[in-house]
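Below is one structure; the comments refer to it alone.
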Amino acid sequence: MKSKENEEANQGSIHRGIFEKATEVDKVYVEGLVDSVGTRVKNEALKRYQQFSCLDTNNQTIASLGMNSLLDLSYSYPDGQSVIFTRKQWKQLKQMFPSTESKFKDNEMSEKLIEVIETILDLNNTASTSHEKKTNNIKALKNTYTTKDDRFLIFLLKHLIKIQRKYSYLFDEEVDCSESDFMAKIWIPIIEKLFMDTKLRP
């Protein structure tokens, strides 16, 4: 007879034909799991990958995150990637990697920064100012707004303007863009910036 924990661990597991088992080198382990956490995440994604379009939203989440070697601990059991672990293992993972609250507060400098950026971008008439001028104006904000949150916000706006200027084809329905195009041009620079100066490897 299967234990409750074993049933929980198998919940959401979909075996789709034969796939080559992956081995990750994350060296993160939890009680009751022979393979590393990264290896479990990747192989559960591989099980689902070939029939991605036929999966429900939760299993698509497991596939897309796992194929990018990501583990999203923001989910509560039994949502998201939590179902590829037991409830006890998911709790252990959350204890190993506790969430940290952002220091971004209302009515502080960052709120003023947002107002300034909205003015620079002229959101009601974006064509009135060149991309280059907007970028230069945003760069100039670094001297005044120096917190980590402010710096990231400035980077993000510069990055989005760059996408509008150089990679506008990504939003053209007549251009055949792959998921890799969006990852390379939009998401990878953002993820690298978020994890910079941390002990985590994106």
Side-chain angles (χ1 to χ4, degrees), residues 1-102 104 152 156 159-160 163 167 170-171 173 175-202:
M1 181 178 291
K2 294 182 179 179
S3 69
K4 183 178 179 181
E5 284 197 352
N6 285 335
E7 289 178 354
E8 289 178 343
N10 291 326
Q11 189 177 14
S13 178
I14 296 178
H15 299 274
R16 302 288 186 185
I18 299 173
F19 67 94
E20 186 176 350
K21 185 176 179 181
T23 302
E24 299 286 88
V25 291
D26 53 295
K27 298 181 181 180
V28 178
Y29 295 90
V30 290
E31 185 179 348
L33 196 63
V34 176
D35 295 323
S36 72
V37 170
T39 297
R40 167 62 67 89
V41 167
K42 180 56 66 69
N43 284 304
E44 289 296 330
L46 288 169
K47 289 177 184 178
R48 295 161 171 79
Y49 179 71
Q50 291 185 342
Q51 295 196 13
F52 184 86
S53 61
C54 300
L55 301 177
D56 58 32
T57 301
N58 204 70
N59 280 294
Q60 285 186 346
T61 297
I62 294 170
S64 58
L65 288 172
M67 291 303 292
N68 289 287
S69 299
L70 296 173
L71 177 63
D72 188 348
L73 292 172
S74 66
Y75 289 99
S76 297
Y77 202 93
D79 296 323
Q81 291 167 295
S82 68
V83 294
I84 65 178
F85 301 94
T86 66
R87 191 184 299 270
K88 183 178 180 180
Q89 288 168 346
W90 192 247
K91 182 179 179 180
Q92 185 179 350
L93 282 167
K94 287 202 165 198
Q95 291 172 344
M96 292 169 65
F97 304 101
S99 62
T100 56
E101 294 184 5
S102 171
F104 188 97
F152 178 75
L156 183 60
H159 179 58
L160 294 178
I163 291 168
Y167 311 122
L170 290 172
F171 309 102
E173 294 183 356
V175 178
D176 186 17
C177 294
S178 68
E179 183 178 351
S180 297
D181 291 316
F182 287 92
M183 284 297 299
K185 300 298 191 300
I186 299 177
W187 292 110
I188 290 177
I190 293 174
I191 292 171
E192 287 183 341
K193 187 71 173 181
L194 282 171
F195 286 91
M196 190 176 293
D197 299 324
T198 71
K199 296 180 180 180
L200 301 176
R201 179 176 59 86

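Since we're looking at a predicted model, the values are computed, not measured.
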Roughly how far, to the nearest 0.5 Å, is the [atom2] atom of [Y] from the [atom1] atom of [X]?
| X | Y | atom1 | atom2 | value |
| --- | --- | --- | --- | --- |
| Ile62 | Thr57 | CD1 | OG1 | 11.0 Å |
| Gln92 | Thr86 | CD | OG1 | 8.5 Å |
| Phe52 | Glu179 | CZ | CD | 7.0 Å |
| Asn68 | Lys42 | CG | NZ | 8.0 Å |
| Asp72 | Ser82 | CG | OG | 10.0 Å |
| Arg40 | Gln89 | CZ | CD | 6.5 Å |

Taking everything shown except Gln60 itself, do over 12 heavy atoms lie less than 6.0 Å from its CD?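 Atom CD in Gln60 is packed in, count exceeds 12.
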Mind listing the side-chain donor-acceptor pairs of residues 31-39 below 3.5 Å, one per line with the distance, residues two or more places apart or on another chain?
from: Asp35; atom 1: OD2; to: Lys21; atom 2: NZ; distance (Å): 3.0
from: Ser36; atom 1: OG; to: Asp26; atom 2: OD1; distance (Å): 2.7
from: Ser36; atom 1: OG; to: Thr39; atom 2: N; distance (Å): 3.1
from: Ser36; atom 1: OG; to: Thr39; atom 2: OG1; distance (Å): 2.9
from: Thr39; atom 1: OG1; to: Glu24; atom 2: N; distance (Å): 2.9

Mind checking whether [X] and [Y] have side chains closer than 4.5 Å, heavy atoms only?
| X | Y | result |
| --- | --- | --- |
| Met96 | Val30 | yes |
| Leu93 | Leu71 | yes |
| Phe97 | Val28 | yes |
| Leu55 | Tyr49 | no |
| Trp90 | Val83 | no |

Closest approach of [X] and [Y], non-hydrogen atoms and distance?
| X | Y | value |
| --- | --- | --- |
| Ala184 | Pro189 | O-CD, 3.6 Å |
| Phe182 | Leu170 | CZ-O, 3.3 Å |
| Ala45 | Ala63 | CB-O, 3.5 Å |

Would a distance-only check, ignoring hydrogens and angles, find a side-chain to backbone donor-acceptor pair under 3.5 Å from [X] to [Y]?
| X | Y | result |
| --- | --- | --- |
| Asn59 | Asp56 | no |
| Arg87 | Tyr77 | no |
| Glu44 | Gln81 | no |

Between Thr61 and Tyr75, is a side chain to side chain contact (heavy atoms under 4.5 Å, CB included) present by the stated rule, with each step listed? CA-CA 11 Å; Thr61 297; Tyr75 289 99; 3.5 Å; yes
Judged by modelled atom types alone, do Asp181 and Ser178 share a side-chain donor-acceptor pair under 3.5 Å?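 There is such a pair between these side chains.
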With sequence neighbours left out, what residues match Leu160 under side-chain contact (heavy atoms from CB on, under 4.5 Å)?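 Result, side-chain contact (heavy atoms from CB on, under 4.5 Å) vs Leu160: Leu156, Ile163.
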